[in-house]
Asker: 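One structure, pasted below without further comment.
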Amino acid sequence: MKLTFPSPPPLQSIEFDKPCIMGILNLTPDSFSDGGLFVKKDNALIHVTQMINDGAQIIDVGGESTRPGAKEVSADEECSRVIPVIEAIREISNIPISIDTSKTEVMHQAVSSGASMINDVNALRADGAVELTAKLNVPVCIMHMQGQPRTMQHTPTYVDVVKEVKNFLKERIDVCLKAGINQNNIIIDPGFGFGKTLEHNLSLFKHLEDFENLGCPLLVGVSRKSMIGAVLDKPSVDERLNGSIALATLAAWKNANILRVHDVKETAEALKLCQAVKEAK
Ligand code: 7PM
């Protein structure tokens, strides 16, 4: 399995013979883990350069807070946060940029400005999002979320979380395919922390291998998340590095293809060791 990025030229691809790292660039002023640190373009570029040097193969740019309870921002506001930074990254690198958004308008503008991939926690359920993605012909990550960001952590409920998340993703893959999205462009993500209790998150993680037979590359995003805080009793996000590395390693061991992380260097080292063990006789 491999992923091909038509934009920017020249055509680039990522081979999934081993897991790859997607580095997070959060451009929300209220982001819980890098709170406004990278709102300025220069700081963002320094951070991106560092992530590339540390081994990131994709940069995920987001300007919409999906934090539980977060208030929604307009497409214009989101674009004003992400577009200048996407353009600036494009001036220094041709690394694939993913745009973390649920808004059709933002997807469109971001890809027009040089983004190479769409990362949608809402799995392209916004009006026109599936059609636009088919037309743009770029890779897309569709993620499972129960409910909406503002209220999703109130009472997450499942009878069989693994089965239900899997069925949701199967249905969304079908919708994508019917709309003409290329099968090779679809990435799936169980959506850790999005309308899930700790128990749900742990269960999904334990059964990550079950998602393999959907036939799409699998993205896992657990970096600094509250499931780590809950197990380790670390209320503050900056105490969650060790936990993040532990889960990234486990996800890689369980054949995740893309790891969405804040701490690129540490994750890259863990993945190297994981791969060395995998390839041993
Ligand atoms: C506040 C709370 C800010 C949560 C940011 C977050 C994922 C994602 C995010 C994920 C994919 C974070 C999340 N999480 N996209 N975007 N998968 N595909 O912890 O798990 O970064 S935002």
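In what follows, every heavy atom counts, from backbone to side chain, and hydrogens, waters and symmetry copies are set aside. We count ligands from 1, going down the list as the structure has it; atoms in each ligand are counted the same way.
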Asker: Let me know which of E212, E209, H207 forms a side-chain hydrogen bond (donor to acceptor under 3.5 Å, both in side chains) with K254.
Answerer: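 The single option meeting the side-chain hydrogen bond (donor to acceptor under 3.5 Å, both in side chains) with K254 is E209.
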Asker: Pull out every atom of ligand 1 sitting under 4.0 Å from any heavy atom of N119, numbered as shown with elements.
Answerer: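 Listed by number with element, the hits are 11 (C), 15 (N), 18 (N).
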Asker: Measure the OG-CG distance between S13 and L3 for me, rounded to the nearest 0.5 Å.
Answerer: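 It comes to 8.5 Å.
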Asker: Under 4.0 Å from any heavy atom of D189, which atoms of ligand 1 are there?
Answerer: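 Contacts of ligand 1 toward D189, numbered from 1: 10 (C), 11 (C), 17 (N), 18 (N), 20 (O).
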Asker: Does any N/O atom on K225 come nearer than 3.5 Å to any N/O atom on ligand 1?
Answerer: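 N/O-N/O distance under 3.5 Å: yes.
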Asker: Give me the ring orientation class for F192 and F205: parallel if the planes are under 30° apart, tilted from 30 to 60°, perpendicular past 60°.
Answerer: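 F192 and F205: tilted rings.
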Asker: Using a 4.0 Å cutoff against the non-hydrogen atoms of G221, which atoms of ligand 1 qualify?
Answerer: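 With G221 as reference, the close atoms of ligand 1 come out as 20 (O).
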Asker: State, yes or no, whether a side-chain contact exists between L208 and N255 at a heavy-atom distance under 4.5 Å.
Answerer: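 Result no, sub-4.5 Å side-chain heavy-atom pair not found.
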Asker: Could an N or O of ligand 1 be found under 3.5 Å from any N or O of N26, whether backbone or side chain?
Answerer: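 The answer is no, given that N26 and ligand 1 share no N or O pair closer than 3.5 Å.
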Asker: Purely on distance, is any nitrogen or oxygen of D60 under 3.5 Å from one on ligand 1?
Answerer: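 In fact, backbone or side chain, D60 has no N or O that close.
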Asker: Hey, is D120 close enough to R125 for a salt bridge, meaning N to O under 4.0 Å?
Answerer: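 Looking at R125 together with D120, the answer is no, because their closest N to O distance does not fall below 4.0 Å.
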Asker: Side chain, backbone, both or neither: which part of R224 comes within less than 4.0 Å of ligand 1 when only heavy atoms are counted?
Answerer: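 None of R224 does.
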Asker: State the atoms of ligand 1, each with its element, that fall below the 4.0 Å cut-off from a heavy-atom position in V121.
Answerer: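 Checking each atom against V121, I get 8 (C), 15 (N), 16 (N).
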Asker: Once you measure the plane-to-plane angle for F168 and H144, does it fall in the parallel (<30°), tilted (30-60°) or perpendicular (>60°) bin?
Answerer: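 It falls in the perpendicular class, over 60°.
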Asker: Under 4.0 Å, heavy-atom basis, I'd like to know which part of V222 is in contact with ligand 1: side chain, backbone, both or neither.
Answerer: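 No part of V222 comes within reach of ligand 1.
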Asker: Hey, could you give me the CZ/CD distance between R224 and E239, rounded to the nearest 0.5 Å?
Answerer: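 Nearest 0.5 Å value for the CZ-CD distance: 12.0 Å.
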Asker: Under a 4.0 angstrom heavy-atom cut-off, which atoms of ligand 1 come close to C141?
Answerer: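 Listed by number with element: 18 (N).
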Asker: Would K135 and E131 pass as an ion pair if we require N to O under 4.0 Å?
Answerer: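 E131 and K135: not salt-bridged.
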Asker: Would you say G191 contacts ligand 1, with heavy atoms under 4.0 Å as the rule?
Answerer: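 Contact absent.
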